[in-house]
Amino acid sequence: MTESDCDSDSDSDSDIRTDGGLEEPIRVAAVCGSLRDESYTHIALVRALEAADRAGAETDLIDLRELDLPLYDADVDREEAGDAEELAARVREADAILLGSPMYHGSYSSPLKAALDYCGFDEFEDKTVGLLAVAGGSFPVTTLEHLRSVCRSLNAWVIPHQAAIANSYSAFEDGAFVDPGLEERIATLGRRAVQYANIEPDPDSFESDQNVGARGK
């Protein structure tokens, strides 16, 4: 499958199934960059993974609240940095990855930054990545742009469809989406992660060619 195979976003959860005839189902992992107990980012990623599951994928929600991830130190081996090796392994095993973050100061959250610092080309190169951002105010454009830049530097292929929740305090009620259209956009992200999990990105990005990683500095 190539990038030219992309189509419209009109499928229902049950329209895309990928498990028939495959020895192993596609694996979709979602990394939640919010540590709040009642996180809207967490709710949205759960919905996206539900759609991925219905499309035939195995799913893994990586809740950073449950992992011990110290601030990244390039002089400390990943195996000695709390649960960093577990995080990297779960990301590495995925065929497609969803990154979700609240918008903090016009960018993505520090917990997600720490998680990404412990990953590299082994975890992201040639992987399909979907982006989701949540803002208490206006549309979180810069959060999505910054995450897209990080993914390009790791030579990941970012799904053109991206999901964003603006004015999040009014977007949910009792843990559920208020707007069915917004919920459908989130679900579409999960379906696209399955649909394009085996895409073959070409060529490598300029950003990835210039990325020497933290240990090269």
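No experiment lies behind these values; they were computed from the predicted model shown.
Two residues are said to be in side-chain contact when any heavy atoms from C-beta on lie closer than 4.5 Å; Tyr108 and Met103 fail this criterion. Between Leu98 and Arg192 the shortest side-chain heavy-atom distance does not fall below 4.5 Å. Under the 4.5 Å side-chain criterion, counting only non-hydrogen atoms from C-beta, Asp126 is not in contact with Trp157. Here the side chains of Asp60 and Ile62 are in contact, with some heavy-atom distance below 4.5 Å. Leu99 places none of its side-chain heavy atoms less than 4.5 Å from the side chain of Leu132. Counting heavy atoms from C-beta outward, Asp95 and Thr128 have side chains that stay 4.5 Å or more apart. With contacts defined as side-chain heavy-atom distances shorter than 4.5 Å, the pair Ile26/Glu58 does not qualify. Contact of the Val31 side chain with the Leu61 side chain is not registered, since no non-hydrogen atoms from C-beta on lie closer than 4.5 Å.
With respect to the salt-bridge test (charged N to carboxylate O, under 4.0 angstrom), the residues Glu93 and Arg27 do not qualify. Using a cutoff of 4.0 Å between basic side-chain nitrogens and carboxylate oxygens, Glu50 and Arg54 are not scored as salt-bridged. A salt bridge links Arg78 with Glu123: the distance from a Lys NZ or Arg NE/NH1/NH2 to an Asp or Glu carboxylate oxygen falls below 4.0 Å. Asp122 and Arg92 are not joined by a salt bridge, as no carboxylate oxygen comes within less than 4.0 angstrom of a charged side-chain nitrogen.
Note that CZ of Arg148 and CD1 of Ile159 are 9.0 Å apart. Values are rounded to the nearest 0.5 Å. How far CG of Asp53 is from CG of Leu49: 8.5 Å, rounded to the nearest 0.5 Å. A distance of 11.5 Å separates CG of Leu69 from OG of Ser110, quoted to the nearest 0.5 Å. Distance CZ/Phe124 to OG/Ser153: 9.5 Å, rounded to 0.5 Å. Between atom CD of residue Glu86 and atom CD of residue Glu66 there is a gap of 9.0 Å, rounded to the nearest 0.5 Å. Between the CD atom of Gln162 and the CG atom of Leu144 there is a distance of 4.5 Å, given to the nearest 0.5 Å.
Looking at Arg191, its side chain never comes within 3.5 Å of a backbone N or O of Ala52 through a donor-acceptor pair. Panel note: side chain Ser101, backbone Ser109; a donor-acceptor pair is recorded below 3.5 Å. Within the 3.5 Å criterion, the main-chain N or O of Ile165 finds no donor-acceptor partner in the side chain of Ser168. Not one N or O on the side chain of Lys127 forms a donor-acceptor pair closer than 3.5 Å with the backbone of Val158. With Asp68 contributing its side chain and Asp83 its backbone, the two residues share no donor-acceptor pair below 3.5 Å.
The two residues Phe172 and Ile43 come nearest to each other via the heavy atoms CE2-CG2, 3.7 Å. Here the closest non-hydrogen pair linking Ala193 and Val28 is CB-CG1, 4.1 Å. Pairing each heavy atom of Tyr118 with each of Asp73, the nearest pair is OH-N, 4.5 Å. Residue Pro140 comes nearest to Ala133 through the heavy atom pair CG-CB, 3.6 Å, listed as atom of the first residue, atom of the second, then distance. Residues Ile186 and Ala163 approach most closely at CD1-CB, 3.5 Å, considering heavy atoms. Across all non-hydrogen atoms, the minimal contact from Cys119 to Ala88 is SG-CA, 4.3 Å.
Side-chain atoms of Ser34 and Thr41 include no donor-acceptor pair closer than 3.5 Å. A donor-acceptor pair shorter than 3.5 Å cannot be found between the side chains of Arg185 and Thr188. A donor-acceptor contact under 3.5 angstrom links the side chains of Ser107 and His146, judged on distance only.
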For Arg65 and Asp37: C-alpha separation, side-chain torsions, deciding distance, then whether side-chain contact (heavy atoms from CB on, under 4.5 Å) applies.
CA-CA 9 Å; Arg65 294 175 300 181; Asp37 288 337; 4.0 Å; yes
How far apart are the C-alpha atoms of Val134 and His42, what are their side-chain angles, what is the distance that settles it, and do they pass the side-chain contact (heavy atoms from CB on, under 4.5 Å) test?
CA-CA 10 Å; Val134 178; His42 187 278; over 6 Å; no
Take Leu147 and Leu116, measure what side-chain contact (heavy atoms from CB on, under 4.5 Å) needs, and give me the verdict at the end.
CA-CA 10 Å; Leu147 285 172; Leu116 292 172; 4.2 Å; yes
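Within 6.0 Å of atom CD in Glu79, more than 12 heavy atoms from other residues, nucleotides or ligands are found, so the atom counts as buried in its surroundings.
Under a hydrophobic clustering in which Ile, Leu, Val, Met, Phe, Trp and Tyr are joined whenever their side-chain heavy atoms come within less than 4.5 Å, directly or via other members, Leu71 and Leu87 fall into different clusters. Under a hydrophobic clustering in which Ile, Leu, Val, Met, Phe, Trp and Tyr are joined whenever their side-chain heavy atoms come within less than 4.5 Å, directly or via other members, Leu64 and Tyr104 fall into different clusters.
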